[in-house]
Chemist: 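Handing you this structure, nothing more for now.
Since we're looking at a predicted model, the values are computed, not measured. Start at 1 and go down the list; that is how both ligands and their atoms are numbered.
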Amino acid sequence: MNNKVKLEQVNIHFGRTHAVRDISMTFPENSVTAIIGPSGCGKSTLLRSMNRMHDLVATARVTGKILVDDGDIYEKGVDPVAIRRRIGMVFQKPNPFPAMSIYDNVIAGYKLNGRVPREEADEIVESCLKRVALWDEVKDRLKSSAMMLSGGQQQRLCIARTIAVKPEVILMDEPASALDPISTLKIEELIEELKERYTIIIVTHNMQQAARVSDYTAFLYMGDLVECGETKKIFTTPEEKRTEDYITGRFG
Ligand SMILES: Nc1ncnc2c1ncn2[C@@H]1O[C@H](COP(=O)(O)OP(=O)(O)OP(=O)(O)O)[C@@H](O)[C@H]1O
């Protein structure tokens with residue numbers, strides 16, 4: 001399998017805090033990789049480095065290489081906005097644009113490329129909403145505010161907005177942790193489907209969720225990558241004692 005994203009000796013500092021320490025690993029194309037580990041171990045920090053979110057944080061410093069299709073996304077001259085289009089992000093709390101309708105939320109990012117003919121926009125909205133299994137629930141109220149939707153529906157809308165810009169990689173930061181069990185299940189099923197087209201990297205606190213949705217798992221502890229490999233192996237026969245202690249609930 002092709003490696004879509006490759007990290008080479010990635011270090012991330014916030015001022016004097018060394019949040020991510022010398023991490024090298026790969027993320028295979030069309031697969032789901034879960035990043036797990038106790039609170040504060042650097043999961044979100046690592047995830048955010050993969051679409052240059054730290055550019056917006058004055059104290060943050062990212063060193064090493066982050067390669068997508070072998071191109072370093074931090075290389076001089078690379079436009080971070082173009083990177084964020086290729087590498088989309090879904091956050092913990094659903095964040096639809098509150099003043100926009102359901103329809104406008106889906107097409108908002110795509111429209112940044114320029115004017116979009118009505119028919120093309122209609123097609124994109126319908127196909128993206130179908131792909132996140134929201135179409136049947138909202139097709140009769142596309143012009144209603146996105147804030148009228150439930151939390152789980154809002155999160156699926158945000159995923160529709162993310163895929164509308166045709167990303168290659170989708171980063172998800174605890175995408176279901178603010179949702180009820182049924183909405184969580186829907187998001188997990190959706191992740192399974194999305195990996196056919198995208199490379200997915202998900203941060204989760206929920207070990208069962210990591211075991212259910214991911215093909216590969218990376219375990220981080222205090223900024224270090226302790227172990228990374230096939231999810232089945234990490235959860236049954238991990239190499240490192242710290243991994244075993246964490247997944248069996250002995251700490252964290
Ligand atoms: N913007 C920031 N400024 C300063 N320090 C930060 C910033 N973001 C993260 N950190 C620090 O980096 C370290 C890693 O934090 P991070 O949020 O990545 O952990 P996490 O594993 O995602 O935790 P959680 O599971 O609780 O969300 C922590 O020590 C945190 O305080």
Chemist: Give yes or no for whether the N/O distance cutoff of 3.5 Å, strictly under, is met between T17 and ligand 1.
Modeler: no
Chemist: Hey, is ligand 1 close enough to H205 that some N/O pair sits below 3.5 Å?
Modeler: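 Yes.
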Chemist: Side-chain heavy atoms nearer than 4.5 Å, only ILVMFWY residues, links allowed to pass through others: does that put I66 and V78 together?
Modeler: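 Yes, same cluster.
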Chemist: At what distance is the nearest protein heavy atom to atom 25 (O) of ligand 1, and which residue and atom is it?
Modeler: K43 NZ, 2.7 Å
Chemist: Give a yes or no on whether a salt bridge exists between D215 and K232, defined as a side-chain N under 4.0 angstrom from a carboxylate O.
Modeler: no
Chemist: Show which atoms of ligand 1 fall inside a sub-4.0 Å distance from at least one heavy-atom site of A19.
Modeler: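 Counting atoms of ligand 1 from 1, those under 4.0 Å from A19 are 12 (O), 13 (C).
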Chemist: Look only at interatomic distance and state if C41 has a nitrogen or oxygen under 3.5 Å from any nitrogen or oxygen of ligand 1.
Modeler: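 There is such a contact, yes.
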Chemist: Quick test of your reading of the model: are K130 and D136 salt-bridged, counting only N-O distances below 4.0 Å?
Modeler: no
Chemist: May I ask you to identify the nearest protein heavy atom to atom 17 (O) of ligand 1, giving residue, atom name and distance to one decimal place in Å?
Modeler: S44 CB, 4.0 Å
Chemist: Say you draw a straight line from CD1 of I159 to CD1 of I187; how long is it, rounded to the nearest 0.5 Å?
Modeler: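 With rounding to 0.5 Å, CD1 (I159) is 4.0 Å from CD1 (I187).
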Chemist: Under a 4.0 Å N-O cut-off, is there an ion pair linking R131 with E193?
Modeler: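 Judged by the 4.0 Å cut-off on N to carboxylate O distance, R131 and E193 do not form a salt bridge.
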Chemist: Are V5 and I12 linked, directly or through intermediate hydrophobic residues, by side-chain heavy-atom contacts shorter than 4.5 Å (ILVMFWY only)?
Modeler: yes
Chemist: Among protein heavy atoms, which lies nearest atom 26 (O) of ligand 1, and at what distance?
Modeler: S39 OG, 2.5 Å
Chemist: After noting the C-alpha distance and the side-chain angles of L171 and V90, does the key distance pass the side chain to side chain contact (heavy atoms under 4.5 Å, CB included) rule?
Modeler: CA-CA 6 Å; L171 309 174; V90 176; over 6 Å; no
Chemist: Which residues pass the ring pair (Phe, Tyr, Trp, His ring centres under 6.0 Å) test with F97, sequence neighbours left out?
Modeler: none
Chemist: Kindly confirm or rule out an N or O of G40 lying under 3.5 angstrom from an N or O of ligand 1.
Modeler: yes
Chemist: Starting from atom 6 (C) of ligand 1, locate the nearest protein heavy atom and write down its residue, its atom name and how far away it is, to 0.1 Å.
Modeler: F14 CD1, 3.3 Å
Chemist: Answer yes if a protein heavy atom lies under 4.0 Å from atom 30 (C) of ligand 1, otherwise answer no.
Modeler: no
Chemist: Between T204, T45, L46, flag the one that comes closest to atom 18 (O) of ligand 1 by a heavy atom.
Modeler: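 Comparing heavy atoms across T204, T45, L46, the nearest one to atom 18 (O) of ligand 1 lies in T45.
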